K.L.:
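Can you keep this structure in mind? I'll have questions shortly.
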Number of protein chains: 2
Amino acid sequence: MKIAEPTVARLVQYHRLLERLYNEGQKVVSSQEMGELLNFKASQVRKDLSYFGEIGKRGVGYHVERLFKHIDEILSPPRQWKMALVGLGHLGTALLGYGAFKNTKFGIQALFDNDQAKVGKAYAGIPCHHIKEAPSVIRDKGIEVIILTVPAEAAQNCIDIVSQSGRIKGVLNFSPVSIVVPDTIRVYSVDISVELEKLLFYLKQNSK
Amino acid sequence: MKIAEPTVARLVQYHRLLERLYNEGQKVVSSQEMGELLNFKASQVRKDLSYFGEIGKRGVGYHVERLFKHIDEILSPPRQWKMALVGLGHLGTALLGYGAFKNTKFGIQALFDNDQAKVGKAYAGIPCHHIKEAPSVIRDKGIEVIILTVPAEAAQNCIDIVSQSGRIKGVLNFSPVSIVVPDTIRVYSVDISVELEKLLFYLKQNSK
DNA sequence: GTGTGTGAAGTGGTTCACAGCG
DNA sequence: CGCTGTGAACCACTTCACACAC
């Protein structure tokens, strides 16, 4: 089943919201209510959910637990993806402690850095290797996903090194640059400075 | 002039790229070349740049320095926006040390947290106040932009407190939730776990 | 009556294709 | 001849509007 990217992003948010509502004991929720809580139009919510067949009850709404489990199934990976984090600076360290990575579907198996002071130690219980070791460590541990939190200048070089392993399928890039990869690798970028600049640009527009 | 959001995001990237090319001594660049370096189609690049009038030379390309200055003008804020960072956890601390915020157009004037151990101290030379003080500190210092790096559960409450000041125009939200704000405030969200889930979802698709 | 499911219409952004200038 | 600038065609996503199930 082909699902558009913005739809997937919303599914993740429905999933999170439903988990919260479930924990709060709510049994049923309407498209209207979900829309208000997530800043989406109700019609958008219904369209997204209708991709998976009739799952709501007309005149009533959606059963919170059932809908949660349904979306959970759609989003769940077939197995845990093994990941490595490259770049143990401020941001890399922050992500290691970040809630999302506590989730068992993300397993960070190795860290890489080019700083000898960090190599050989463990952070959050995960061993740090020199970036030069990456291809062999990636193969040994079966790593398929890279989280890249290195400075802009280093990003392309790090990607080149890890792709030598031939095992990498996806990259989440936090460096403020575009990287060039073989087309077997899927890249998503989180570019903090682009988001900030966008915000500032529209603030400027509004104040004119 | 109205510019679409994806266009602004690309402008920021052209800006960054041109700065780099300029520093490397390159004088001229074609839409094709910029497209390859940033993973955009050449026609997209030309369309984006054509919004500002004829700025390239046919048969030649764009003059790197001139184009850089032109985009710089478009993106530059009329004055420095004063900002505050709310939430001095891993991520907040990481952002404080992040390169983008070294840029003088972003001036972080205050920090807020609810941890008494942090209140009263300074981080990166910036004083940390208790979140309860936010409305008065925001007014005193003329702060208009908030960077929100608190846990999901705290996000809405923090936003409510800072908006009491009546001075906030924009928020960059890093918490993994949607927040509800008065419509005088513009919000951009960087939702790391949504990006990660999206990546994993498409990895799953590809492997079928 | 109430809230879903969905074709159809609308909107916004991207890509094409080529005329035109250097 | 090369590369820009741009209308027109295209495509993707969102919103509307209403029939229909509960």
Side-chain angles (χ1 to χ4, degrees), chain A residues 1-14 17-18 21 26-68 70-71 74 178 188 194 198 201-202 205, chain B residues 1-14 17-18 21 26-68 70-71 74 178 188 194 198 201-202 205:
Chain A
M1 190 197 322
K2 201 199 150 297
I3 308 182
E5 201 180 308
T7 306
V8 177
R10 286 189 301 268
L11 283 179
V12 175
Q13 295 177 73
Y14 300 142
L17 176 63
L18 289 162
L21 296 178
Q26 188 169 333
K27 299 292 183 211
V28 163
V29 66
S30 68
S31 58
Q32 173 98 39
E33 188 180 359
M34 294 181 78
E36 275 163 18
L37 290 166
L38 296 171
N39 301 315
F40 307 145
K41 286 256 179 351
S43 57
Q44 179 74 80
V45 175
R46 291 201 301 279
K47 175 130 291 189
D48 287 341
L49 300 180
S50 72
Y51 287 158
F52 319 114
E54 307 209 356
I55 195 93
K57 277 203 171 55
R58 299 180 185 215
V60 181
Y62 300 89
H63 186 270
V64 171
E65 184 179 1
R66 185 135 42 97
L67 184 54
F68 172 73
H70 198 109
I71 297 180
I74 292 158
S178 293
Y188 279 85
V194 168
K198 263 168 37 182
F201 177 81
Y202 284 108
Q205 297 289 97
Chain B
M1 191 198 320
K2 200 200 151 295
I3 308 182
E5 200 179 308
T7 306
V8 178
R10 286 189 300 268
L11 283 180
V12 174
Q13 294 178 74
Y14 300 142
L17 176 63
L18 289 162
L21 295 178
Q26 189 170 331
K27 299 293 184 212
V28 164
V29 67
S30 68
S31 58
Q32 173 99 38
E33 188 180 359
M34 294 181 77
E36 276 164 15
L37 289 166
L38 297 171
N39 301 315
F40 306 146
K41 286 256 179 349
S43 58
Q44 179 75 81
V45 175
R46 292 201 301 279
K47 175 131 291 187
D48 288 339
L49 299 180
S50 71
Y51 288 158
F52 320 114
E54 307 208 356
I55 195 95
K57 275 203 175 55
R58 297 178 187 221
V60 181
Y62 299 89
H63 186 270
V64 172
E65 186 180 359
R66 184 134 42 95
L67 184 54
F68 172 73
H70 198 107
I71 297 180
I74 292 158
S178 294
Y188 279 84
V194 168
K198 264 170 35 181
F201 178 80
Y202 284 107
Q205 297 290 96

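Computed from a prediction, not measured in an experiment: that's the story for all the values here. Per chain, numbering begins at 1; letters A, B, ... match sequence-line order.
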K.L.:
For B/V12, check side chain to side chain contact (heavy atoms under 4.5 Å, CB included) against everything at least two apart and list the hits.
P.N.:
A/V194, A/E197, B/L75

K.L.:
Could you give the distance from CZ (B/R46) to NZ (B/K41), rounded to the nearest 0.5 Å?
P.N.:
12.0 Å

K.L.:
To the closest 0.5 Å, what do you measure between CG (B/L49) and CD (B/Q44)?
P.N.:
10.0 Å

K.L.:
Would you kindly give the CD-to-P distance between B/Q32 and D/dG5, to the nearest whole Å?
P.N.:
15 Å

K.L.:
Can you tell me how far apart CD (B/E36) and OG (B/S30) are? Round to the nearest 0.5 Å.
P.N.:
7.5 Å

K.L.:
Hey, mind stepping through B/V45 and B/Y14 against side-chain contact (heavy atoms from CB on, under 4.5 Å) and telling me if it holds?
P.N.:
CA-CA 9 Å; B/V45 175; B/Y14 300 142; 3.7 Å; yes

K.L.:
When rounded to the nearest 0.5 angstrom, what distance separates CZ in A/R66 from CD1 in A/I71?
P.N.:
12.5 Å

K.L.:
Among residues 40-47 of chain B, which contact DNA chain D at a heavy-atom distance under 4.0 Å?
P.N.:
B/R46, B/K47

K.L.:
Should A/Y62 be listed as having a side-chain N or O under 4.0 Å from OP1 or OP2 of D/dC22?
P.N.:
no

K.L.:
To the nearest 0.5 Å, how far apart are CG in A/L38 and CD in A/E33?
P.N.:
10.0 Å

K.L.:
In whole Å, what is the span from the NE2 atom of B/H70 to the P atom of D/dG5?
P.N.:
11 Å

K.L.:
Counting any heavy atom closer than 4.0 Å, what does B/I55 reach on the DNA or RNA strands: base, sugar-phosphate only, or nothing?
P.N.:
sugar-phosphate

K.L.:
Nearest-nucleotide wise, let me know which of A/Y51 and A/K57 is further upstream toward the 5' end of DNA chain D.
P.N.:
A/Y51

K.L.:
Under 4.0 Å between any heavy atoms, over every strand shown, what does B/S31 touch: base, sugar-phosphate, or nothing? Just pick one.
P.N.:
sugar-phosphate

K.L.:
Quick one: pull up OH in A/Y62 and CE in A/M34 and give me the separation to the nearest 0.5 Å.
P.N.:
8.0 Å

K.L.:
When the nearest nucleotide of DNA chain C is assigned to B/R58 and to B/K2 on a heavy-atom basis, which residue is associated with the more 5' position?
P.N.:
B/K2

K.L.:
Going 5' to 3' along DNA chain C, between which two nucleotides do contacts with chain B fall, using a heavy-atom cut-off of 4.0 Å?
P.N.:
C/dG13 to C/dG22

